[in-house]
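Notes for the one structure printed next.
Residue numbers run from 1 in the order of the sequence given. Since the structure is predicted, the reported quantities are computational estimates derived from the model, not experimental observations.
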Amino acid sequence: MLDAFIKLVIGDLDEKKEYRKMVKRVKALPEDYRYTYERIQKYIWIFGAGLDMGGLLELFEDSAAEGKPVLEITGDDVAAFCDELIRASGAGSEPLGEKINREIREHFQKEGR
């Protein structure tokens, strides 16, 4: 019971440990990769909630180790790269505009308005 209470209050410690490991890996990236990763991460959090960023981090680590420029990986249209990541993962399969309209409609239907 105490374990459940602790998990409720502070969250899953294993998940936090994994998150901290990922943060260290991101900080170890070359500056261009780190900056691009962090901007992509922010975009993904807004538009593609639920997308696992571990695969992208691994791709960036490997590409940086090979000496490739980050924009060789993402292309110049980084937003399109992000959108493709989201689409490929299925995390953002519904366009954002459609999603917000659906959520608003459903909310007001529940309210009987």
Side-chain angles (χ1 to χ4, degrees):
M1 178 147 168
L2 181 59
D3 288 342
F5 176 74
I6 290 172
K7 192 171 185 177
L8 175 69
V9 173
I10 62 172
D12 187 341
L13 293 177
D14 290 333
E15 287 178 13
K16 288 182 180 191
K17 287 177 187 176
E18 287 303 312
Y19 176 76
R20 286 187 194 114
K21 286 180 188 177
M22 281 191 67
V23 168
K24 284 182 182 180
R25 290 172 57 196
V26 170
K27 288 181 179 182
L29 289 170
E31 195 274 328
D32 289 348
Y33 274 91
R34 184 177 57 251
Y35 176 80
T36 304
Y37 180 90
E38 289 170 348
R39 298 301 300 169
I40 290 172
Q41 184 178 46
K42 185 175 181 179
Y43 184 96
I44 297 294
W45 281 346
I46 294 169
F47 298 110
L51 180 63
D52 178 10
M53 298 291 290
L56 178 64
L57 179 55
E58 190 172 318
L59 173 65
F60 275 20
E61 288 170 329
D62 293 345
S63 299
E66 293 172 10
K68 294 181 182 177
V70 69
L71 293 181
E72 187 177 311
I73 307 307
T74 63
D76 289 332
D77 190 346
V78 179
F81 176 82
C82 293
D83 291 341
E84 182 58 28
L85 284 176
I86 294 166
R87 188 196 63 71
S89 75
S93 58
E94 181 178 26
L96 194 58
E98 290 177 21
K99 180 178 179 182
I100 192 169
N101 287 337
R102 179 185 50 76
E103 289 172 347
I104 296 292
R105 268 194 317 273
E106 288 173 0
H107 172 78
F108 285 107
Q109 286 173 350
K110 286 180 194 174
E111 299 286 321
R113 298 183 208 178

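Residues meeting the side chain to side chain donor-acceptor pair (under 3.5 Å) test with Gln41, sequence neighbours left out: none. Every residue two or more places apart in sequence or in another chain that forms a side-chain contact (heavy atoms from CB on, under 4.5 Å) with Glu18 is listed here: Lys21. With sequence neighbours excluded, the residues forming a side-chain contact (heavy atoms from CB on, under 4.5 Å) with Asp77 are Ala79, Ala80, listed by chain and number. Glu38 is linked by a side chain to side chain donor-acceptor pair (under 3.5 Å) to nothing, counting only residues two or more places apart in sequence or in another chain. For the side-chain contact (heavy atoms from CB on, under 4.5 Å) test, residues two or more places apart in sequence or in another chain that qualify with Glu66 are Lys68. With sequence neighbours excluded, no residue forms a side chain to side chain donor-acceptor pair (under 3.5 Å) with Arg39. Applying the side chain to side chain donor-acceptor pair (under 3.5 Å) test to Asp83 and every residue at least two apart in sequence or in another chain returns Tyr43. Looking at residues two or more places apart in sequence or on another chain, you find a side-chain contact (heavy atoms from CB on, under 4.5 Å) between Pro69 and Glu72. A search for salt bridge (Lys or Arg N to Asp or Glu O under 4.0 Å) contacts involving Glu58 returns nothing, not counting sequence neighbours.
Linking Ile, Leu, Val, Met, Phe, Trp and Tyr whenever their side-chain heavy atoms come within less than 4.5 Å puts Leu59 and Leu57 in one cluster. Transitive grouping of hydrophobic side chains (ILVMFWY, heavy atoms separated by less than 4.5 Å) keeps Tyr35 and Ile40 in distinct clusters.
A distance of 10.5 Å separates CD of Glu103 from CZ of Arg105, quoted to the nearest 0.5 Å. For the atom pair Glu106 CD and Gln109 CD, the distance stands at 7.0 Å (nearest 0.5 Å). Rounding to the nearest 0.5 Å gives a distance of 15.0 Å between NZ of Lys24 and CG of Leu29.
Taking both residues in full, the closest heavy atoms of Met22 and Met53 are given as CE-C, 3.9 Å, listed atom of the first, atom of the second, then distance. When all heavy atoms of Leu71 and Val78 are compared, the closest pair comes out as CD2-CG2, 4.0 Å. Ile44 approaches Cys82 most closely through the heavy-atom pair CD1-O, 4.1 Å.
Under the ring-ring contact (aromatic ring centres under 6.0 Å, His included) criterion, the residue pairs touching residues 58-78 are Tyr33-Phe60, with sequence neighbours excluded.
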